[in-house]
Protein chains: 2
Amino acid sequence: MQDQARMPDDKARPSSRPPRRRQEDRSAETQSRLIEAAIQLLHENGFAATSVDRIASSAGLTRGALSHHFQSKADLVVAVMHAVSDERHLRLAECYRELSRYHNRCERMVRALWQAIYGDPAYVATIEILLGSRSDPELRARVESERGRSADSIYSVWDEMLSDDQMPEQRRTDAMHLTIATLRGLAVLNLVARDPEFIERQLALLATAVETIMRP
Amino acid sequence: MQDQARMPDDKARPSSRPPRRRQEDRSAETQSRLIEAAIQLLHENGFAATSVDRIASSAGLTRGALSHHFQSKADLVVAVMHAVSDERHLRLAECYRELSRYHNRCERMVRALWQAIYGDPAYVATIEILLGSRSDPELRARVESERGRSADSIYSVWDEMLSDDQMPEQRRTDAMHLTIATLRGLAVLNLVARDPEFIERQLALLATAVETIMRP
DNA sequence: AAACATACGTACCATCCTGTATGTAATTAA
DNA sequence: TTAATTACATACAGGATGGTACGTATGTTT
């Protein structure tokens with residue numbers, strides 16, 4: 001029993017006792033670990049098979065920890081939507097900076113949306129939540145509001161990227177919704193039958209389709 | 001206590017005692033009632049919130065009846081997929097007869113697919129089943145095989161309708177898959193935000209997009 | 001160092017879910 | 001009419017799930 005002396009800022013034994021963390025940091029990290037685990041499980045097994053118990057233990061924790069940070073399963077689900085929404089916003093902002101310089105914007109836009117959003121497991125998680133929360137009106141409303149936030153990010157980027165004055169407003173947004181619908185459909189298919197080459201061809205095709213729609 | 005005499009084929013008291021039915025008919029009707037109820041509930045509340053108990057009582061029966069006709073929940077789910085697949089096949093055959101006479105085939109094809117399949121609550125039910133059964137590999141395999149059957153119906157109609165010799169094979173099937181992906185995406189959207197006029201515009205836009213893809 | 005707050009685990013409870021056993025009514029076969 | 005099947009209901013068992021109460025350990029403040 002040597003070495004029991006307190007070392008307030010110990011890096012003496014590197015891997016034995018983790019460095020002191022502040023509560024705030026612990027909380028933040030734990031919460032995001034739980035959210036990550038939830039996304040992962042929702043993506044893998046779907047809403048019905050994703051219990052709070054699985055989520056917690058998948059994150060290396062227990063239900064006690066989870067319910068300390070999220071009072072109910074609904075709260076966790078909303079937190080997942082919120083986190084995904086935030087991440088999406090960041091990625092889209094990134095895309096915005098990248099895209100504005102190039103010319104074949106439709107193609108780049110479609111691919112950017114796939115890479116940043118629809119091709120990501122997190123997107124599948126949000127779909128699962130969206131469908132799975134239908135039966136609970138209260139949860140549904142909260143989820144829906146998060147979804148709205150997220151959708152607005154996309155709308156604004158689309159508008160700023162692809163606004164051509166020669167095209168009527170409604171046709172432009174219709175084209176956007178059609179693109180989104182297609183990407184959503186591909187995301188669902190990608191879930192049950194993964195095939196990157198196929199997705200690649202579909203994205204290219206979608207891009208040309210949008211291109212021709214946008215320029216009549 | 002009069003009129004207790006047996007009347008093998010009684011229409012004497014029209015609404016009192018229902019006419020004798022054969023077991024076969026009873027079975028068939030009960031089973032399809034259960035399947036209908038399952039589709040309805042899957043469409044309304046999603047997979048997670050659709051228990052066999054709800055299904056049975058929604059069909060005016062009990063779990064006992066359900067488990068007499070379907071040994072397990074998995075069996076019922078597969079039966080639903082099978083029934084939807086059959087119905088789809090019939091509707092597509094109908095579409096085939098209607099469509100072949102007209103010329104703007106892409107537009108009619110898109111609308112036909114929406115009306116016959118993707119706009120139907122039964123399609124949502126199959127999506128729920130497809131996503132919900134992911135965590136159970138055994139069920140998953142059975143569901144997947146039914147899905148394949150159903151997909152083949154669509155493929156063959158598409159091929160027979162839209163095969164132009166001037167177009168390479170792969171591009172044609174890619175166009176089909178893109179159409180299907182879009183319709184699937186619209187079906188999911190239609191689930192959380194119903195808006196017939198919007199769907200109408202999207203279908204029109206999709207039709208023109210497919211048209212231009214198919215004729216370069 | 002002591003009092004307090006926060007993070008997390010364990011244990012328990014009510015609920016719901018699926019499956020199964022068993023009983024009864026309806027239908028069919030003899 | 002009687003015996004055998006089939007259709008359906010009722011009742012119970014085992015397991016999973018979500019919520020909550022409570023205990024302990026780890027930070028934080030004074």
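The analysis underlying the following values was restricted to heavy atoms, covering all of them including side chains, and did not include hydrogens, waters or symmetry mates. In what follows, every chain begins at residue 1, and chains take the letters A, B, ... in the order their sequences are listed. The shown structure was predicted, so the numbers you read here are calculated from the model rather than taken from an experiment.
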**Asked** Looking at A/T30, does any N or O in its side chain come under 4.0 Å of the phosphate oxygens OP1/OP2 on C/dC8?
**Response** yes

**Request:** Pull out every residue in residues 135-142 of chain A that has a heavy atom closer than 4.0 Å to any atom of DNA chain D, ordered by number, or say none.
**Result:** none

**Separation of atom CZ in B/R26 from atom P in D/dT5, rounded to whole Å** = 17 Å

**Prompt:** CD of A/E24 versus P of C/dA5: gap in Å, rounded?
**Reply:** 17 Å

**Message:** Using a heavy-atom cut-off of 4.0 Å across all strands, would you classify B/L61 as base, sugar-phosphate, or nothing?
**Reply:** sugar-phosphate

**Residues in side-chain hydrogen bond (donor to acceptor under 3.5 Å, both in side chains) contact with A/S85, at least two apart in sequence or another chain** = A/R149

**Pairwise salt bridge (Lys or Arg N to Asp or Glu O under 4.0 Å) hits with a residue in residues 181-198 of chain B, at least two apart** = none

**Item:** Nucleotide D/dT17, atom C1' - distance to CG of A/L41 in whole Å
**Value:** 15 Å

**Item:** salt bridge (Lys or Arg N to Asp or Glu O under 4.0 Å) against B/E169, all qualifying residues, sequence neighbours excluded
**Value:** B/R172

**Request:** Let me know the distance between CZ of A/F70 and P of C/dT6, rounded to the nearest Å.
**Result:** 16 Å

**Prompt:** For the pair made of NE2 in B/H68 and P in C/dG19, what is the distance, rounded to whole Å?
**Reply:** 16 Å

Grab the N/O contacts between the protein and nucleotides 18-22 of chain D below 3.5 Å, and write none if there aren't any.
residue	atom	partner	partner atom	Å
D/dG18	OP1	A/K73	NZ	2.8
D/dG18	OP2	A/V52	N	3.0
D/dG18	N7	A/R63	NH2	3.4
D/dG19	OP2	A/K73	N	3.3
D/dG19	N7	A/R63	NH2	2.6
D/dG19	O6	A/R63	NH2	2.3

**Candidate pair B/E29 and B/R33, rule salt bridge (charged side-chain N to carboxylate O under 4.0 Å, His left out), full reasoning** = CA-CA 6 Å; B/E29 197 207 306; B/R33 256 168 61 201; 3.7 Å; yes

**Message:** Please enumerate all residues that pass side-chain hydrogen bond (donor to acceptor under 3.5 Å, both in side chains) together with A/E144, with sequence neighbours excluded.
**Reply:** A/R140, A/R147

**B/E138/B/R142 salt bridge by N-O under 4.0 Å criterion** = no

**Asked** For residues 40-62 of chain B, which residue pairs qualify under salt bridge (Lys or Arg N to Asp or Glu O under 4.0 Å), counting only residues two or more places apart or in two chains?
**Response** none

For residues 114-125 of chain B, which side-chain donor-acceptor pairs fall under 3.5 Å, sequence neighbours excluded?
residue	atom	partner	partner atom	Å
B/D120	OD1	B/A122	N	2.6
B/D120	OD2	B/R91	NH1	2.7
B/D120	OD2	B/R91	NH2	3.2

**Message:** Output the rounded distance in Å from NE2 (B/H69) to P (C/dG19).
**Reply:** 16 Å

**Prompt:** Atom CZ of B/R22 to atom C1' of D/dT6: distance rounded to whole Å?
**Reply:** 15 Å

**Message:** Measure CZ/A/F47 against P/D/dT17 and give the value in whole Å, please.
**Reply:** 13 Å

**Request:** Go through the structure and list residues passing ring-ring contact (aromatic ring centres under 6.0 Å, His included) with B/Y96, not counting sequence neighbours.
**Result:** none

